[in-house]
Amino acid sequence: MSHSSKISNSVCDQVAEFRLVHADSTWSRQTAECKCVEGRLSDAKIYESSTEVGVTWTVVSPIIFTYRVIQSERLLDTSNDTLLFGHISNPAEIQALKNNSKVMKRFIVIDETVNDLYGSQVAAYFEGRGVKYKILHLPTTEENKTMTLVTSILEEVHKFGIDRRTEPIIAIGGGVCLDIAGLAASLYRRRTPYIRVPTTLLAYIDASVGAKTGVNFANCKNKLGSYIPPVATFLDRTFLCTLPRRHISNGMAEMLKMALMKHKGLFELLQKEGRSLLDSRFQLRIPENVHTDAASVSTRLAIETMLEELAPNLWEDDLDRLVDFGHIISPELEMKILPELLHGEAVNIDMAFMVYVAHERGFLTEEEKRRIIVCMQSLELPVWHSDCTLDLVQRSLTERLKHSGGLLRMPLPTALGKARIFNDIEDSIVCQAFKKWCDEHCETTMKPQ
């Protein structure tokens, strides 16, 4: 037997489990059998094993992130504490900060369009609260979603100087802004807390409530990034008042995604009230009840269903994700014709095609397919695009196999508000669905203006 074979076939003589206890400013190992614990016990463990070639230490260190998603009206009103203290859950800690004579500092990254609309209000808020602040406005568009913007943020943060524990970076804008600022915060001193304030509907129900940050790289969407959630997300629907109608529609695609995957009631609400929500920009219509109006109910359900899927799998250790519905072919389509399609529009085109795949597999009836497509159209979302070719679809599915552990992991609706992950969708099904999809929509679908 060769020396390498002896090594590979070696059996551990023993495995010892150690707990870690903190006392007198130091951590010490204790065997798992030890019943006497004097000090603070960590959730982390160290396993030590020995073989004929040496010692192996295996570290198991649970990482727990706690972050808050808070709905708050009049976020920029100086009487509202949320923007300064909403990320802190301990009242005593908040009171200590208020009593501290040290001047608070905040670094704010804001999309330049949002800055034109709300920059003066943001400045007035921090001035009114006696906070030293720096507002950095940037052109956070999909075309500019690169490491260049990330490093520009880091340079300004470094010049301004913040306490990495008590002075979170605040990002105000759409999903691109939140992604870029989040990545910058995750890199600065290895992890600086940050807060998300979404100003688009898409970010409100999608980008703002998860852990992912990222930028585009090598002509690929979000190729670079991290899984670092914000300490808090603050949601204020009044920001949507100034959002162009197309961007409201764009955000409703992600809402519809969650409806199709998980919540029939949300789908039916979008069927019934979707056009009205689009017209009103999700603003409360007096004298509606703030908790039962369609805008409040639909956004709450979208966020709740999103968090149900994200919270147990923040780092995407499990690659079977229902929230990937609409994100199989859309990344390549979106990047191919950038900036023609908004993110939600590309996602909806992907979803529309997948509805045809689900119908072709017998998961959806003809009537269910029709209802979904009609709902999409009523929300003014595109359901087909000439650049979404069969070649692009098949190439995207091949890429999916490469980056998903060799499995397709395709989320598909199996009924209205129900879905499963599939790995066995045959190419013939994809081709048949694609032909029917094109036959029914290529003559009638217009590209977004």
Side-chain angles (χ1 to χ4, degrees), residues 67-89 91 93-95 97-98 104-135 137 167-175 177-178 181 193-209 230-245 247-248 251 255 276-304:
Y67 66 102
R68 314 181 85 194
V69 180
I70 300 173
Q71 290 184 322
S72 177
E73 296 180 2
R74 303 182 304 278
L75 194 61
L76 298 180
D77 188 318
T78 53
S79 65
N80 190 337
D81 280 349
T82 304
L83 199 54
L84 281 180
F85 303 116
H87 62 291
I88 303 171
S89 58
E93 185 179 345
I94 294 173
Q95 195 57 50
L97 286 171
K98 288 183 176 181
M104 286 187 291
K105 299 174 71 176
R106 290 293 186 271
F107 187 93
I108 303 102
V109 180
I110 188 169
D111 173 78
E112 63 180 8
T113 300
V114 177
N115 185 65
D116 291 341
L117 295 166
Y118 298 102
S120 60
Q121 294 179 54
V122 173
Y125 178 87
F126 290 110
E127 287 172 5
R129 299 300 297 252
V131 176
K132 183 179 179 181
Y133 66 94
K134 163 74 176 179
I135 297 177
H137 52 88
E167 295 171 345
I169 294 170
I170 299 175
I172 305 176
C177 179
L178 306 187
Y194 70 102
I195 288 168
R196 289 171 171 162
V197 180
T199 60
T200 67
L201 181 61
L202 186 77
Y204 189 101
I205 60 175
D206 181 33
S208 67
V209 300
V231 289
T233 291
F234 303 142
L235 305 174
D236 184 350
R237 284 209 315 269
T238 58
F239 283 117
L240 306 183
C241 287
T242 52
L243 204 61
R245 184 180 180 89
H247 284 261
I248 296 291
M255 187 176 285
S276 176
L277 290 169
L278 186 57
D279 292 339
S280 67
R281 288 176 167 79
F282 282 78
Q283 301 309 299
L284 185 64
R285 294 173 298 186
I286 305 299
E288 287 181 313
N289 185 295
V290 70
H291 300 297
T292 59
D293 68 288
S296 297
V297 172
S298 60
T299 51
R300 190 188 75 245
L301 289 176
I303 289 170
E304 286 176 355

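Values reported hereafter were calculated over all heavy atoms of this structure, with side chains retained and with hydrogens, waters and symmetry mates removed.
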**Spatial distance of atom CZ (Phe282) from atom CD1 (Ile248) [nearest 0.5 Å]** = 6.5 Å
**Request:** Supply the atom-to-atom distance Leu240 CG to Leu201 CG, rounded to the nearest 0.5 angstrom.
**Result:** 6.0 Å
**Intermediate values then yes/no, side-chain contact (heavy atoms from CB on, under 4.5 Å), Val122 and Ile170** = CA-CA 11 Å; Val122 173; Ile170 299 175; over 6 Å; no
**Asked** Should Leu117 and Phe239 count as side-chain neighbours, where that means a heavy-atom distance under 4.5 Å?
**Response** no
**Message:** Could you tell me if the side chain of Cys177 sits less than 4.5 Å from the side chain of Val109, heavy atoms only?
**Reply:** yes
**Asked** Given side chains that start at C-beta, do those of Met104 and Lys132 come closer than 4.5 Å, heavy atoms only?
**Response** no
**Complete:** Between the CD1 atom in Ile172 and the NE2 atom in His137, the distance rounded to the nearest 0.5 Å is 13.0 Å
**Test item: Ser208 side-chain N/O and Ala203 main-chain N/O as donor-acceptor pair under 3.5 Å** = yes
**Request:** Would you name the heavy atoms of Gly128 and Thr78 that are closest together and state the gap between them?
**Result:** CA-CG2, 4.3 Å
**Request:** Evaluate side-chain contact (heavy atoms from CB on, under 4.5 Å) for Val231 paired with Arg68, printing each intermediate quantity in order.
**Result:** CA-CA 6 Å; Val231 289; Arg68 314 181 85 194; over 6 Å; no
**Request:** Assess whether atom NE2 of His87 is packed by more than 12 heavy atoms of other residues, nucleotides or ligands within 6.0 Å.
**Result:** yes
**Asked** What's the spacing between Lys134 NZ and Phe126 CZ if we round to 0.5 Å?
**Response** 14.0 Å
**Gap separating the CD1 atom of Ile195 from the CD1 atom of Ile108, nearest 0.5 angstrom** = 10.0 Å
**Prompt:** Are Ser72 and Asn80 close enough that a side-chain donor and a side-chain acceptor fall under 3.5 Å?
**Reply:** yes
**Asked** How long is the gap from CD1 on Ile205 to OG1 on Thr200, to the nearest 0.5 Å?
**Response** 9.0 Å
**Asked** Would you call Gln71 and Thr299 a side-chain contact if the rule is heavy atoms closer than 4.5 Å?
**Response** yes
**Message:** Determine whether a donor-acceptor pair (N or O, by modelled atom type, separation under 3.5 Å) exists between the side chain of Gln283 and the backbone of Arg237.
**Reply:** yes
**Message:** Does any part of the side chain of Leu235, heavy atoms only, come nearer than 4.5 Å to the side chain of Ile303, both counted from C-beta?
**Reply:** yes
**Message:** Please determine whether side-chain contact (heavy atoms from CB on, under 4.5 Å) holds for the pair Arg245 and Leu278, giving the CA-CA distance in whole Å, both sets of side-chain angles, and the decisive distance to 0.1 Å.
**Reply:** CA-CA 7 Å; Arg245 184 180 180 89; Leu278 186 57; 3.6 Å; yes
**Request:** Would you sort out whether Met255 and Tyr204 count as a side-chain contact (heavy atoms from CB on, under 4.5 Å), showing the intermediate values?
**Result:** CA-CA 10 Å; Met255 187 176 285; Tyr204 189 101; over 6 Å; no
**Request:** May I ask you to test the Arg196-Tyr67 pair for a side-chain heavy-atom distance under 4.5 Å?
**Result:** no
**Request:** Find out whether Val131 and Leu84 are in side-chain contact, i.e. whether some heavy atom of one side chain is under 4.5 Å from a heavy atom of the other.
**Result:** yes
**Request:** Decide whether Tyr118 and Thr242 meet the rule of one side-chain donor and one side-chain acceptor closer than 3.5 Å.
**Result:** yes
**Fill in**
Applied to residues 74-89, the salt bridge (Lys or Arg N to Asp or Glu O under 4.0 Å) test, sequence neighbours excluded, yields Asp81-Lys98, Asp81-Arg129
**Taking every non-hydrogen atom, the tightest pair across Tyr133 and Ala123** = OH-CB, 3.4 Å
